Amino acid sequence: MSYTFSRRDFLKYSAMTAVAVAGAGLLTGCEIQDPNNPVIKKLGYGTTLGTTGGLLKSVDTEGTDGVFTFTVKNSSDAPLRMMTPNELFTVEVLDAKGNRKWNNKFNLTIEAVRGEDGKVPEILPELPPRTVGEYKVHVPDYAGYAPGPEDTLEFTYIPNPAKSPELRMTWKILGADLVK
């Protein structure tokens, strides 16, 4: 077997390598994400982290509070604790350069959203196994610091803060995309 190749083959392989290297440069716009900390950039989109799914449905204000409607899907065989919103959620507003302008992870409250039948489902203090629950997370003083068009809202959900505080789902949404 011969391990030599002609000048023509050498030029052909060199050209193919140059094209491959140039093409790889186009991939720099792709974002590589940590599967243990997914980041979603649009309101109304969800993600999963292990056996837990999350979806940030809407962001509204009531007086000075922010109201974040959030859906959680528990696909595990164990219940998810949902009564400690100060441990489960953080809300931040970042400026155009990514610097923190405002954050709140204190005095948050959580309530279950009424079902279509008008009844409040029994999903507090725990979301039962293999269940989907919809919640409203109330964030004090959000309205005065709501993101402007150039700012970014960062909403983070930590499904199991006691066992795995490093695992989280984050929504980073431009202020311009929050305007109704």
Side-chain angles (χ1 to χ4, degrees), residues 30-62 65-94 98 100-117 119-143 145-147 151-180:
C30 297
E31 184 174 344
I32 298 173
Q33 287 195 12
D34 177 358
N36 293 326
N37 295 296
V39 176
I40 300 85
K41 298 202 173 188
K42 289 193 175 196
L43 191 63
Y45 284 76
T47 188
T48 58
L49 183 60
T51 59
T52 306
L55 169 75
L56 182 58
K57 287 180 77 175
S58 66
V59 177
D60 297 302
T61 56
E62 283 181 7
D65 290 356
V67 181
F68 297 78
T69 304
F70 188 69
T71 302
V72 178
K73 180 179 181 183
N74 181 8
S75 299
S76 76
D77 293 327
L80 271 177
R81 295 237 353 111
M82 295 300 295
M83 278 307 295
T84 53
N86 294 330
E87 295 175 13
L88 298 173
F89 300 97
T90 62
V91 177
E92 295 187 345
V93 176
L94 309 173
R100 182 185 306 147
K101 287 177 68 173
W102 179 84
N103 75 323
N104 192 338
K105 47 189 157 193
F106 303 104
N107 302 317
L108 306 182
T109 58
I110 189 169
E111 66 176 300
V113 174
R114 294 182 183 277
E116 291 179 7
D117 60 1
K119 296 180 181 175
V120 176
E122 294 194 28
I123 54 176
L124 288 174
E126 296 180 331
L127 180 62
R130 311 231 178 266
T131 306
V132 176
E134 188 168 279
Y135 301 92
K136 287 192 184 284
V137 180
H138 294 267
V139 181
D141 301 324
Y142 171 78
Y145 300 95
D151 299 333
T152 300
L153 166 69
E154 188 171 291
F155 178 88
T156 301
Y157 169 56
I158 306 167
N160 196 343
K163 194 173 179 183
S164 304
E166 72 282 0
L167 303 179
R168 55 195 64 220
M169 299 175 204
T170 302
W171 282 258
K172 288 187 176 186
I173 304 166
L174 281 175
D177 295 338
L178 293 172
V179 177
K180 293 181 181 179

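None of the values given here were measured: they were computed from a predicted structure. Keep in mind that the numbers below use all heavy atoms, side chains included, and drop hydrogens, waters and symmetry copies.
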Exercise: identify the closest heavy-atom pair between Val93 and Asp151 = CG1-CB, 4.1 Å
Between the main-chain N or O of Thr90 and the side-chain N or O of Asn103, is there a donor-acceptor pair closer than 3.5 Å?
-> no
The residue among Tyr135, Trp171, Phe68, Phe70 that forms ring-ring contact (aromatic ring centres under 6.0 Å, His included) with Tyr157 is Phe70
Is any side-chain heavy atom of Leu108 closer than 4.5 Å to a side-chain heavy atom of Pro140?
-> yes
Any chance CD of Glu122 has more than 12 other-residue heavy atoms, nucleotides or ligands included, within less than 6.0 Å?
-> no
Answer whether the closest heavy-atom distance between the side chains of Val59 and Phe155 falls below 4.5 Å.
-> no
Please check if the side chain of Asn74 supplies one atom and the backbone of Pro128 the other of a donor-acceptor pair under 3.5 Å.
-> yes
Which pair of heavy atoms, one from Met83 and one from Leu124, lies closest together, and at what distance?
-> SD-CD2, 3.7 Å
Which distance, rounded to the nearest 0.5 Å, do you find between the CH2 of Trp102 and the CG of Leu153?
-> 9.0 Å
Between OG1 on residue Thr152 and NZ on residue Lys41, distance to nearest 0.5 Å | 8.5 Å
Supply the atom-to-atom distance Glu166 CD to Asn160 CG, rounded to the nearest 0.5 angstrom.
-> 9.5 Å
To the nearest 0.5 Å, atom NZ of Lys119 lies from atom CZ of Arg114 at 11.5 Å
Heavy atoms of Ile158 and Pro165 approach each other most closely as CG2-O, 3.8 Å
Hey, is Glu134 close enough to Lys57 for a salt bridge, meaning N to O under 4.0 Å?
-> yes
Would Arg130 and Asp77 satisfy side-chain contact (heavy atoms from CB on, under 4.5 Å), going step by step from the backbone distance to the final call?
-> CA-CA 7 Å; Arg130 311 231 178 266; Asp77 293 327; 2.7 Å; yes
Given side chains that start at C-beta, do those of Val72 and Thr52 come closer than 4.5 Å, heavy atoms only?
-> yes
Once you round to the nearest 0.5 Å, how far does CE of Met169 lie from CG of Leu55?
-> 10.5 Å
After noting the C-alpha distance and the side-chain angles of Leu94 and Arg100, does the key distance pass the side-chain contact (heavy atoms from CB on, under 4.5 Å) rule?
-> CA-CA 4 Å; Leu94 309 173; Arg100 182 185 306 147; 4.2 Å; yes
Smallest separation among heavy atoms of Val139 and Val91, with atom names | CG2-CG2, 3.7 Å
Distance-minimising heavy-atom pair for Gly46 and Ile40 | O-CG1, 4.3 Å
Scanning both residues in full, the closest heavy-atom pair of Ala78 with Ser76 reads O-OG, 2.9 Å
Please round to the nearest 0.5 Å and tell me the distance separating atom OG1 of Thr170 and atom CG of Leu56.
-> 11.0 Å
Can Leu178 and Ile173 be said to form a side-chain contact (heavy atoms from CB on, under 4.5 Å), step by step?
-> CA-CA 7 Å; Leu178 293 172; Ile173 304 166; 3.8 Å; yes
